[in-house]
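Structure first, then comments.
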Amino acid sequence: MSYRNEQERKRLDYVLEKYRDSTMGLEGYAFKVFDDRYNEVASEIMRKFPQEIVKVYKVEEVEFKEEVYSLKATFSFSKGISEVKSFVDYLIAKNKGIYLGKFSGEEYEIYTRKGLVRLTVNLSQEGKVTLKLEMKGPKDAVDRVFQEISKELEIFGGER
């Protein structure tokens, strides 16, 4: 698995430690050899090192897809768009959201103990301010983030 930052590496270490009876890291030096160079690389390694210390494993990528739960909600506000935007930014920061960029809306990742939630935020104003949220991730994680954010939005004056 590749990771993007130190936080993700630590998260992975935690998961592997939790399942240490079922997982094992590789000892020594692990690397990938491309199919067209396999014989050449393996032959040279075997010539330069004692055979009893060389171990060769065949590793194949496994297609694994976790079920992704999606939840969409729309809130309308009587307040100004900049006021709503500031409050939404506060809620995302409170939940330790990480800004990913502007794609189909402003996208964030929010990590919870139940899993990683991808949040898409769209704000528009035609009379009232409309806030559209879309959350994707494991059901427990999405439900937790949605409950927390929607409760705060309703207190702030948002109507579903």
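Basis for what follows: all heavy atoms, side chains included, without hydrogens, waters or symmetry-related copies.
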Verify, without hydrogens or angle tests, whether Asn5 (side chain) and Gln7 (backbone) share a donor-acceptor contact under 3.5 angstrom.
yes

Taking the side chain as everything from C-beta on, heavy atoms only, tell me whether Glu109 gets closer than 4.5 Å to Val117.
no

Do the non-hydrogen side-chain atoms of Leu153 and Leu133 ever get within less than 4.5 Å of each other?
yes

Before giving the answer on side-chain contact (heavy atoms from CB on, under 4.5 Å), spell out for Glu154 and Phe156 the whole-Å C-alpha distance, their side-chain angles and the decisive distance to 0.1 Å.
CA-CA 5 Å; Glu154 288 170 2; Phe156 186 68; over 6 Å; no

Should Glu159 and Lys128 be marked as a salt bridge (Lys or Arg N to Asp or Glu O under 4.0 Å) after you check the CA-CA gap, both sets of side-chain angles, and the distance that decides it?
CA-CA 11 Å; Glu159 298 173 2; Lys128 285 188 167 192; 3.8 Å; yes

Which is it for Lys136 and Glu134 under the salt bridge (Lys or Arg N to Asp or Glu O under 4.0 Å) test, yes or no, and what are the steps along the way?
CA-CA 7 Å; Lys136 293 180 179 179; Glu134 181 177 9; 3.6 Å; yes

Where the side chain of Glu83 meets the backbone of Lys79, is there a donor-acceptor pair that is under 3.5 Å apart?
no

Is the Lys NZ or Arg CZ of Arg118 less than 6.0 Å from the centre of Tyr108's six-membered ring, within 45° of the axis?
no

Going only through I, L, V, M, F, W and Y residues with side-chain contacts under 4.5 Å, is there a path from Ile81 to Leu91?
yes

Check the pair Leu131 / Thr74 against side-chain contact (heavy atoms from CB on, under 4.5 Å), numbers first and verdict last.
CA-CA 6 Å; Leu131 169 65; Thr74 302; over 6 Å; no

Check for me, please, whether Val145 and Tyr90 land in the same ILVMFWY cluster - side-chain distances under 4.5 Å, paths through other members count.
yes

Show your reasoning for whether side-chain contact (heavy atoms from CB on, under 4.5 Å) applies to Glu148 and Lys94.
CA-CA 10 Å; Glu148 186 159 326; Lys94 181 180 173 184; 4.2 Å; yes

With a sphere of 6.0 Å drawn around OH of Tyr38, does it hold more than 12 non-hydrogen atoms of other residues, nucleotides or ligands?
no

Verdict with supporting geometry, Val54 and Ile45, side-chain contact (heavy atoms from CB on, under 4.5 Å):
CA-CA 8 Å; Val54 177; Ile45 288 172; 4.1 Å; yes

To the nearest 0.5 Å, atom CG of Leu71 lies from atom CG of Asp143 at 7.0 Å

Given salt bridge (Lys or Arg N to Asp or Glu O under 4.0 Å), test Asp140 with Arg144 step by step and report yes or no.
CA-CA 6 Å; Asp140 291 348; Arg144 190 201 76 60; over 6 Å; no

dist Tyr14:OH -> Arg113:CZ (nearest 0.5 Å) comes out at 7.5 Å

Can you tell me how far CD of Glu107 sits from CG of Leu119, rounded to the nearest 0.5 angstrom?
8.5 Å

CG on Leu116 to CD1 on Ile110, rounded to 0.5 Å
9.0 Å

Looking only at heavy atoms, which two atoms of Thr120 and Ser104 are closest? And how far apart?
CG2-OG, 3.8 Å

Please examine the side chains of Glu152 and Phe87, heavy atoms only from C-beta on, and report whether any two atoms are closer than 4.5 Å.
yes

Salt bridge check: are Glu17 and Lys10 linked by an N-O gap of less than 4.0 Å?
no

Parallel, tilted or perpendicular: ring planes of Phe75 versus Phe146, cut at 30 and 60 degrees
tilted

Between atom CD of Glu106 and atom CZ of Phe103, what is the distance when rounded to the nearest 0.5 Å?
11.0 Å

Would you call Glu44 and Arg37 a salt bridge, taking side-chain N to carboxylate O under 4.0 Å as the test?
no

Same apolar cluster (I L V M F W Y, side chains within < 4.5 Å links), Ile149/Leu123:
yes

Examine Met46 and Val41 and state if one hydrophobic cluster contains both, with Ile, Leu, Val, Met, Phe, Trp and Tyr joined whenever side-chain heavy atoms are less than 4.5 Å apart.
yes

Report the distance from atom OG of Ser2 to atom CZ of Arg9, rounding to the nearest 0.5 Å.
14.0 Å

Does Gln51, at its CD atom, have more than 12 non-hydrogen atoms belonging to other residues, nucleotides or ligands within less than 6.0 Å?
no

When hydrophobic residues are tied together by side-chain contacts of less than 4.5 Å, even through go-betweens, does Met135 share a cluster with Ile98?
no

